[in-house]
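What follows is a set of notes on a single structure, which appears directly below.
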Amino acid sequence: MKFADVIGHEEIKAVLRRSVDEGRISHAQIFSGECGWGVLPLALAYAQYVNCTNRHDGDSCGECPSCRKSAELMHPDVHYFYPYNVPDKESSAVATYLERWRKIIGTTGGYFGEQEWYDEIKMGNKQGLISRGDANEIIKKLSYKSFEAEYKIVIIWLPERMNASSANTLLKILEEPWDKTLFLMVSQSPQNLLPTIISRVQQTEVPRIDEDSLCRQAELLGADRDRAVTAVHMADGDLIMLRRIMSGEQVANENFERFASLMRLCYADKHLELMEWADMLSKATREEQKEFFEYSLGMLRECYMISAGLENIGYLWGEEKVFGKKFAPFIGNHNIELFVDEMEKALFHIKQNGNAKIVLTHFVLSVSKYIVRKK
């Protein structure tokens, strides 16, 4: 993958290029951000640039043997590790899923989420793991002499899925790395890594994709300009979400129905029904729960804008706009921060693998207090 294949993030690309061109390559780096923001594609493009033998015009050439093998994810000096359903924590089965890894990157360009990966390897809603056996396998691969490239590179996707044993095993090699080795970690939640690991890596925080770049992607997917602007706003800097919106998936409608139902139950002060609502959402996948809260934060923002008299610059339309106008009088300066705080806390705990039923039950009982009902 070349930098040109990565959507947006021109400033980060420039920093990464400059570090390689000036010979300032940190032996351990972490790229952090949501999967749909292009974190993995940036790491893949950077790894290809590092070992390219004919870099020019600020990018890897895409034609040398190293680039061709890197593009096919078959370079003998580039190794990939990712979470999966570990049958034996003391051994590694990562190679079993390598063809699936190549397939999902080939079909998505590297823009896919954790649940999509688990669906690809038929794990369902289980939680993946990078085991101690995988950490030993990383050390084993790096102990070999490089086959042909200048750098031996290990790309670890979602290192926060390492257990304590595997993290401590990896820490040893991070403290005393072999010459010309490069660790690239791609993380959604770097705060879940051991502080001792964080202290030994160079961090690159990857932001959301800028609207102009995402809008061009929406137009490439067949949207006219007006539809592209609306879809980009709904996607909020996330290419995965944009693709789902443009493909016609009912993600937004599902989340709208959940959001509207929640607010109506809060208004009616129906606590038993709220508990049932929490139980229903707790049975969804973790990715679906995250999408709901991200969508809900956007809906709250739009309703608040209507309440503040800024409807003309909002992005709601259809049934969302109808509901937004009716709900806006109940959102204002007195409670918007309370709503947002509870939603952000719930989203944070879901991302941290908190027990969904407990998180959601606490959430619904908290937000039910914030709607000021008409006298």
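The closest side-chain heavy-atom distance from Q188 to E160 is below 4.5 Å. In this structure, K152 and H79 have side chains that are not in contact, with every pair of non-hydrogen atoms separated by 4.5 Å or more. Between D341 and Y370 the shortest side-chain heavy-atom distance does not fall below 4.5 Å. Residues F81 and K141 meet the side-chain proximity criterion, which asks for heavy atoms closer than 4.5 Å. Counting only heavy atoms from C-beta outward, the side chains of I105 and Y80 never approach each other to under 4.5 Å. In this structure the side chain of Q289 never reaches within 4.5 angstrom of the side chain of V359, judged on heavy atoms.
Using a 4.5 Å cut-off between side-chain heavy atoms of Ile, Leu, Val, Met, Phe, Trp and Tyr, with links allowed through other members, L338 and F259 fall into the same hydrophobic cluster. By the rule that hydrophobic residues join a cluster once side-chain heavy atoms approach within less than 4.5 Å of another member, L40 and L98 end up as members of one cluster. Note on L184: it does not cluster hydrophobically with M74, by side-chain heavy-atom contacts below 4.5 Å among ILVMFWY residues.
The aromatic rings of W277 and F363 sit tilted relative to each other, their planes meeting at an angle between 30° and 60°.
Checking Y118, F112, W101 one by one against Y82, the ring pair (Phe, Tyr, Trp, His ring centres under 6.0 Å) holds for a single residue, W101. For the salt bridge (charged side-chain N to carboxylate O under 4.0 Å, His left out) criterion with K290, the lone passing option out of E288, E287, E294 is E287.
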Counting only pairs under 3.5 Å, give me each side-chain donor-acceptor contact of residues 215-222, with atom names and distances, residues two or more places apart or in other chains.
{"from": "R216", "atom 1": "NH2", "to": "S213", "atom 2": "OG", "distance (Å)": "3.3"}
{"from": "E219", "atom 1": "OE2", "to": "R225", "atom 2": "NH1", "distance (Å)": "3.0"}

Begin with the C-alpha distance, continue with both residues' side-chain angles, and end with the deciding distance and a verdict on salt bridge (Lys or Arg N to Asp or Glu O under 4.0 Å) for K351 and E34.
CA-CA 11 Å; K351 287 182 176 179; E34 294 296 323; 2.9 Å; yes
Could you go through E150 and K180, starting from their C-alpha distance and side-chain angles, then the distance that decides it, and tell me whether this counts as salt bridge (Lys or Arg N to Asp or Glu O under 4.0 Å)?
CA-CA 7 Å; E150 181 180 5; K180 298 293 184 179; 2.7 Å; yes
Between E114 and R161, is the salt bridge (Lys or Arg N to Asp or Glu O under 4.0 Å) condition met? List the steps.
CA-CA 11 Å; E114 186 173 4; R161 297 295 172 239; 2.7 Å; yes
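The minimum heavy-atom distance linking T108 with R243 is given by the pair O-NH1, 2.9 Å. Between H75 and A149, the closest heavy-atom pair is CE1-CB, 3.5 Å. The minimum heavy-atom distance linking C303 with G324 is given by the pair SG-CA, 3.9 Å. The two residues Y46 and S19 have their closest heavy-atom pair at OH-OG, 3.8 Å.
A donor-acceptor contact under 3.5 angstrom links the side chains of D21 and Y49, judged on distance only. For the residue pair Q48/S60, the side-chain donor-acceptor check at 3.5 Å is satisfied.
Environment of CD in Q191: crowded, with over 12 heavy atoms of neighbouring residues, nucleotides or ligands closer than 6.0 Å. When the shell of 6.0 Å around CD of E11 is examined, it contains 12 or fewer heavy atoms from other residues, nucleotides or ligands.
A ring-centre distance under 6.0 Å is not found for Y97 and W157.
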